[in-house]
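Quick notes on the structure that follows.
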Protein chains: 2
Amino acid sequence: MPETTTVSLAGAIAVDLIAVLVAVVNGSPSVLTVQNGDALPSGPFEDAHRSLQTGLRIWVEEQTHHPLGYVEQLYTFADRDRSAAGSSQRVISISYLGLTRETRGEVGWRSWYDYFPWEDHRDGPPVVIAEHLVPRLRDWAQAGGTAALPEERWRRCAFAFGLDGAAWNEELVLQRYELLYEAALVPERVRETGGQSDATRISGRAMTGDHRRILATGIARLRAKIKYRPVVFELMQPAFTLLQLQRAVEALAGRLVHKQNFRRLIEQQELVEETGVTTSDTGGRPAKLFRFRHAVLAERAAAGTKLPLTRA
Amino acid sequence: MPETTTVSLAGAIAVDLIAVLVAVVNGSPSVLTVQNGDALPSGPFEDAHRSLQTGLRIWVEEQTHHPLGYVEQLYTFADRDRSAAGSSQRVISISYLGLTRETRGEVGWRSWYDYFPWEDHRDGPPVVIAEHLVPRLRDWAQAGGTAALPEERWRRCAFAFGLDGAAWNEELVLQRYELLYEAALVPERVRETGGQSDATRISGRAMTGDHRRILATGIARLRAKIKYRPVVFELMQPAFTLLQLQRAVEALAGRLVHKQNFRRLIEQQELVEETGVTTSDTGGRPAKLFRFRHAVLAERAAAGTKLPLTRA
DNA sequence: CTTTCTTATACTCCATATGAGCATAAATCC
DNA sequence: GGATTTATGCTCATATGGAGTATAAGAAAG
């Protein structure tokens, strides 16, 4: 195998950057969208950019006027069916997850639960699962021909959605979406995009191309990451109460955590320090305001905010 | 922002696939190399390939005649300095981690500790750290000009290499390499590649371009992954003793684990099942042979082999 | 054939982490 | 001033993980 790089043969190859930009807006975990919520922001990777990461930063800040905090690469796609039909053009899509402190109430931010209604378990399991998804998934499993296929299909569903005694695992965002895709329960499967169709309430808002799959990838990555890296703080204001921090974590994870244990965890890991100020804006007894101890970033690369989950 | 994809402007863009192919050969965690150990196998992404992953599988199996087990994307690079000097060609490098059961004693497999001698702590901290790396890192830190920079540099070194009371963290493979790179302690920094220079014993074997950085990324990813996903089994023969399994984990992690606790962990997670056969090839009391319970892949996507680490 | 060595395997012990809940404190709202 | 709400401190039971002791079963040495 030669070490020299090689010019690709047929057709030009274009490189696109796609961003999953996350902020917590009014307690909702939100993602920046364009085209009236139908797509994630994306743009060509310009030859002028020094690197992918800087390319992304430059144009996100150009487009959104937001300072971009934490950035991490998600995945690179180049599946053939991503190309525009009839075109010989091959598109490489490199997706990124970015965290930012949303400030002004700008347009384009949408709760990610608009796109994944079944992912929000903060008020218990969403009714849409038992009411609509389970029956349809069961039908799909049953339609799995002969032999072991129906059982196999249903086992996957039960595992992904926490049915039949299995516990809900909030990190399986992508698996759940791909299951629904496979079962043809999302409109992307049949190329009809967006719209306010009746099905939106069941299958969530659709997106262009595979943007919703990319979004699912980003959510899954973030839900996993908050458990072992102090990334939540990238989404917080400089000073915050512990309950505000907890609400942010809960918004991302889509489930509630035990209040006292959450405080214990944060404090014993020394992730925060008191500012000396308290606020009464929260109602009830005034809460101390904390700030993130930036020192921990250097101290412990592996430090993290584990979730003290409430057992089902 | 337009949703349509865009043709890049100046120069063509080529896409390269780079593989970090891992196997455990005679107890050594090994990686498949080409060019006499100077480079990782890589090749152009052909337009004919259906997707990146299949593109990689096809050509790895073409080149190595190895069945490729677990495959996962590592990272996509496009830094400007990766391009050949003088060329306007832009190269996107998409790297993958692949696990395989090496069988015949073929050429090209090399212990990854040839490239990262400081990463093998199975017999305690390698002397090269205290003998050679620490003094040079200290010099580099000291040379950090005025103010807080020297302290800051040294803090990073101490954290990455587990000095000054910090614990050794085997997952920080990439951080360590990048620190050595920054301190100009690896030959890649000055573009002189390969060779059996005296420095190899200290800074490890070098590689072409940023291949060693990609290898470091792969090792780090794998060391993290074995703790929460049952991927070690991809590297094992169909039947194995628990000690063989433990040795494989230790080879990858570069550190020893507590034998009894390792067994407890594996068994209580029901990752394996007895074959009913025992072997006396191990010396001492015959050991039961086990096989991986493939069912767990379906049962628990989040199942894993956590390391019962020995405390320093 | 007994001793010795080596590896396999079964248990015990203890410190810490984590899920869960009770109790009290300090504000606001009527 | 009592009800309500949020903040915060503390206890308890259990699970988990690091570490060590003890015993079993084979091969090799003598």
Side-chain angles (χ1 to χ4, degrees), chain A residues 27 121 167-170 226-228 239-250 253 255-290 300 302-312, chain B residues 27 121 167-170 226-228 239-250 253 255-290 300 302-312:
Chain A
H121 287 232
W168 172 260
N169 182 344
E170 71 277 3
I226 52 174
K227 293 180 185 162
Y228 62 95
F240 47 83
T241 70
L242 291 184
L243 185 56
Q244 286 167 346
L245 183 66
Q246 183 186 339
R247 293 288 178 238
V249 168
E250 291 174 336
R255 63 189 305 176
L256 299 179
V257 305
H258 187 280
K259 187 172 183 170
Q260 295 93 321
N261 291 346
F262 180 77
R263 300 168 59 86
R264 176 176 64 187
L265 197 72
I266 299 295
E267 284 170 345
Q268 85 184 11
Q269 294 192 173
E270 299 182 286
L271 293 171
V272 298
E273 61 192 0
E274 299 186 9
T275 60
V277 187
T278 61
T279 176
S280 302
D281 300 345
T282 54
R285 172 174 167 178
K288 291 179 187 166
L289 284 172
F290 292 84
R300 295 168 290 174
T305 308
K306 288 181 205 153
L307 289 178
L309 296 174
T310 304
R311 210 176 276 175
Chain B
H121 287 232
W168 172 260
N169 182 344
E170 71 278 3
I226 52 174
K227 292 180 187 164
Y228 61 95
F240 46 83
T241 71
L242 290 184
L243 185 56
Q244 286 166 347
L245 182 66
Q246 182 186 342
R247 294 288 178 237
V249 169
E250 290 174 336
R255 62 190 303 177
L256 299 179
V257 305
H258 187 280
K259 186 172 183 172
Q260 296 93 322
N261 291 346
F262 180 77
R263 300 169 57 87
R264 175 175 66 187
L265 197 71
I266 298 295
E267 283 169 347
Q268 84 185 11
Q269 292 192 172
E270 300 182 286
L271 292 172
V272 297
E273 61 191 2
E274 300 185 8
T275 60
V277 187
T278 62
T279 174
S280 301
D281 300 345
T282 53
R285 172 174 167 179
K288 291 179 188 166
L289 284 173
F290 292 84
R300 297 167 288 175
T305 308
K306 289 182 203 148
L307 289 177
L309 296 174
T310 303
R311 212 175 272 173

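All chains are named by letter (A, B, ...) in the order of the sequence lines, taking the proteins before the strands, and each is independently numbered beginning at 1. Only this structure's heavy atoms are used, side chains among them; waters, hydrogens and symmetry mates stay out.
- Rounded to whole Å, the distance from CZ on A/Phe262 to P on C/dG19 is 13 Å.
- With hydrogens and angles ignored, no donor-acceptor pair closer than 3.5 Å exists between the side chain of B/His258 and the base of D/dG17.
- Note: A/Gln244 CD to A/Phe290 CZ = 11.5 Å, rounded to the nearest 0.5 Å.
- A distance-only check finds no donor-acceptor pair linking the side chain of B/Glu274 to the backbone of B/Lys288 [under 3.5 Å].
- The CD1 atom of A/Ile266 sits 12 Å away from the P atom of C/dT18 (whole-angstrom rounding).
- We find that CG of A/Leu289 is positioned 13 Å from C1' of D/dA7, with the value rounded to whole Å.
- With values rounded to the nearest 0.5 angstrom, B/Glu273 atom CD is found 11.0 Å from B/Leu271 atom CG.
- The side chain of B/Leu265 has D/dG17 as its nearest neighbour among C/dT18, D/dT6, D/dG17.
- The distance from atom CD of B/Glu274 to atom P of C/dA8 is 14 Å, rounded to the nearest whole Å.
- Computed from coordinates, the A/Gln246 CD to D/dT6 C1' distance equals 12 Å when rounded to whole Å.
- With rounding to whole Å, B/Lys288 atom NZ is found 11 Å from D/dA25 atom P.
- Atom CG in B/Leu256 sits 8.0 Å away from atom CD in B/Gln246 (nearest 0.5 Å).
- In this entry the distance linking CG of A/Leu242 with P of D/dG9 reads 9 Å, nearest Å.
- Atom P of nucleotide D/dT16 and atom CD of B/Gln268 are separated by 7 Å, given to the nearest angstrom.
- Taken to the nearest 0.5 Å, the OG1 atom of A/Thr275 stands 4.5 Å off from the CG atom of A/Leu289.
- The base of D/dG17 lies outside donor-acceptor range of the side chain of B/Asn261, with no N or O pair under 3.5 Å.
- The nearest heavy atom of DNA chain D to A/Phe290 and to A/Arg264 marks one nucleotide each, and the one closer to the 5' end goes with A/Phe290.
- Taking CD of B/Glu250 as the start and CG of B/Leu245 as the end, the distance is 10.0 Å to the nearest 0.5 Å.
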Counting primed atoms plus P, OP1 and OP2 as sugar-phosphate and everything else as base, spell out the protein contacts along nucleotides 23-30 of chain C at 4.0 Å heavy-atom distance: B, S or - for each nucleotide, 5' to 3'.
--BBB---

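- Atom CG in B/Leu242 sits 11.5 Å away from atom CG in B/Leu265 (nearest 0.5 Å).
- Considering only side-chain N and O atoms, A/Lys259 lies nowhere under 4.0 angstrom from the phosphate OP1 or OP2 of D/dT8.
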